[in-house]
Amino acid sequence: MLIRTPPRHDPTASEITPRRVWQRRRELIRAAAAGLALPAAPGLALAQGPKAEPAKLPAKPGPFGTTDKPTPYKDVTTYNNFYEFGLDKDDPVKNAGRLKTRPWTVAVEGEVGKPGTFGIEELLKLAPMEERVYRMRCVEGWSMVIPWVGFPLSELIKRVEPTGNAKFVEFYTLNDPKQMPGVSSSVIAWPYVEGLRMDEANSPLTLLTFGLYGEVLPNQNGAPLRLVVPWKYGFKSGKSLVKIRFVEKQPVTSWNRSAPQEYGFYSNVNPNVDHPRWSQATERRIGEDGFIQRKRPTLMFNGYADQVASLYAGMDLKRFY
Ligand SMILES: Nc1nc2c(c(=O)[nH]1)N[C@H]1C(S)=C(S)[C@@H](COP(=O)(O)O)O[C@H]1N2
Ligand SMILES: [Mo]
């Protein structure tokens with residue numbers, strides 16, 4: 001059992017500590033609280049081994065964190081939806097390794113005073129990185145708790161100076177058949193396009209995300225940058241973004257185009273509005289499945305009602321699903 005005494009000037013754990021040690025520390029704290037003893041973590045030895053750790057991405061703790069237990073790194077990075085790399089949950093981790101994330105640029109265009117192309121290095125320096133431990137809920141009925149690293153999308157929005165005609169924002173994922181084996185199938189229209197209303201995009205919860213667990217995003221999680229919109233179903237959080245476009249009319253998003261009865265523009269997490277083919281009242285927390293699987297109730301706006309319910313005041317959420 002490896003026990004570490006932090007130096008006296010120790011900043012937040014995620015700033016300086018390799019992910020495995022950091023996660024291990026959290027596990028130990030929880031186990032101690034529950035009166036359990038844990039075996040040594042096999043992952044710790046690997047930290048010095050031949051396979052390099054992903055680059056660190058230091059971050060200060062940010063607001064809106066949930067106290068739910070974070071989903072283990074292994075589940076977060078091996079159970080993914082990223083259809084550009086295949087339809088099965090383990091396809092992204094198997095196939096996304098080939099994605100080249102440098103050089104990388106994001107075009108910002110449309111109804112803005114200062115359109116332009118941002119390099120990834122420039123974006124990384126645009127605002128201070130924060131760690132936000134958010135619940136994520138997939139429309140399929142599973143959820144995770146992920147310590148994301150990023151900053152509010154509003155930081156980028158204010159720099160490009162949207163015009164008065166900018167009512168919505170479109171987000172475009174890379175669409176490269178040479179690197180993405182999944183785009184040869186026509187499950188949805190490529191590129192993957194998602195959209196938000198301007199006030200949703202400017203919500204302090206909406207994150208432009210570059211990392212998780214104190215490290216740069218693994219490719220399968222949407223490297224080098226993605227959106228994270230925690231009160232909406234997971235598919236609204238587009239990965240590997242290459243273009244952000246400000247528009248006047250409500251965008252036609254990829255999922256909305258392929259199955260409009262099932263996936264609306266808003267797609268807010270809502271236990272009272274079922275998917276046409278299944279209930280949305282409960283969810284399964286990945287990493288916590290046991291033999292007797294516990295279903296937990298899905299929360300209105302995924303638990304972020306205090307922050308976002310006012311954005312939808314007066315709207316019929318059964319109609320605007
Ligand atoms: N470009 C792109 N972004 C995407 C997807 C996708 O298939 N392609 N899947 C979405 C869905 S359905 C979910 S649930 C989340 C999953 O994010 P995660 O794998 O990091 O948990 O990514 C979303 N972003
Ligand atoms: Mo999803």
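All ligand and atom numbering here is 1-based and tracks the order in the structure.
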My understanding is that we take every heavy atom of each candidate and find the minimum distance to atom 5 (C) of ligand 1. Doing that for Y83, W190, Y192, which one comes out nearest? Y192
Indicate, as side chain, backbone, both or neither, the part of F82 found under 4.0 angstrom from ligand 1 when only non-hydrogen atoms are considered. both
Test question: given the 4.5 Å side-chain rule for I, L, V, M, F, W and Y, name all other residues clustered with V273, or answer none. Y321
Is there a heavy atom in R226 that sits closer than 4.0 Å to ligand 1? yes
Do Y312 and W231 pair up side chain to side chain, a donor and an acceptor below 3.5 Å, judged on atom types alone? yes
Lys NZ or Arg CZ of R135 over Y304 ring: under 6.0 Å, within 45°: yes
What protein heavy atom is closest to atom 9 (N) of ligand 1, reported as residue, atom name and distance in Å? N81 O, 3.3 Å
Should I120 and F118 be regarded as members of a common hydrophobic cluster, given that ILVMFWY residues are connected when their side-chain heavy atoms come within less than 4.5 Å of each other, either directly or indirectly? yes
Only one of F265, Y263, F82 forms a ring-ring contact (aromatic ring centres under 6.0 Å, His included) with F235, so which one is it? Y263
Which residue and heavy atom of the protein sit nearest atom 21 (O) of ligand 1, plus the separation: N80 ND2, 4.1 Å
If you count the atoms of ligand 1 from 1 in the order shown, which ones are under 4.0 Å from a heavy atom of C138? 14 (S)
Candidate pair E121 and K125, rule salt bridge (Lys or Arg N to Asp or Glu O under 4.0 Å), full reasoning: CA-CA 7 Å; E121 309 300 341; K125 280 185 253 151; over 6 Å; no
Nearest neighbour in protein (non-hydrogen) for atom 24 (N) of ligand 1: S237 O, 2.9 Å
Aromatic ring proximity W255/Y83, centre distance under 6.0 Å: yes
Can you pull out the closest protein heavy atom to atom 3 (N) of ligand 1? Residue, atom name and distance to 0.1 Å, please. K239 N, 3.2 Å
Going by the rule side chain to side chain donor-acceptor pair (under 3.5 Å), which residues pair with Y266 if we only count those two or more places apart in sequence or in a different chain? R197
One finds that the ligand 1 atoms under 4.0 Å from a non-hydrogen atom of T173 are 1 (N)
Geometric N/O contact E84 with ligand 1, under 3.5 angstrom: yes
Could you list the atoms of ligand 1 found under 4.0 angstrom from a heavy atom of N221? 18 (P), 20 (O)
Would you say M136 ends up clustered with V93 if hydrophobic residues are merged whenever their side chains have heavy atoms under 4.5 Å apart, either directly or through other cluster members? no
What protein heavy atom is closest to atom 15 (C) of ligand 1, reported as residue, atom name and distance in Å? G234 O, 3.6 Å
At a 4.0 Å threshold, what atoms of ligand 1 neighbour a non-hydrogen atom of F235? 10 (C), 11 (C), 12 (S), 13 (C), 23 (C)
Any N or O on W142 sitting closer than 3.5 Å to an N or O of ligand 1? no
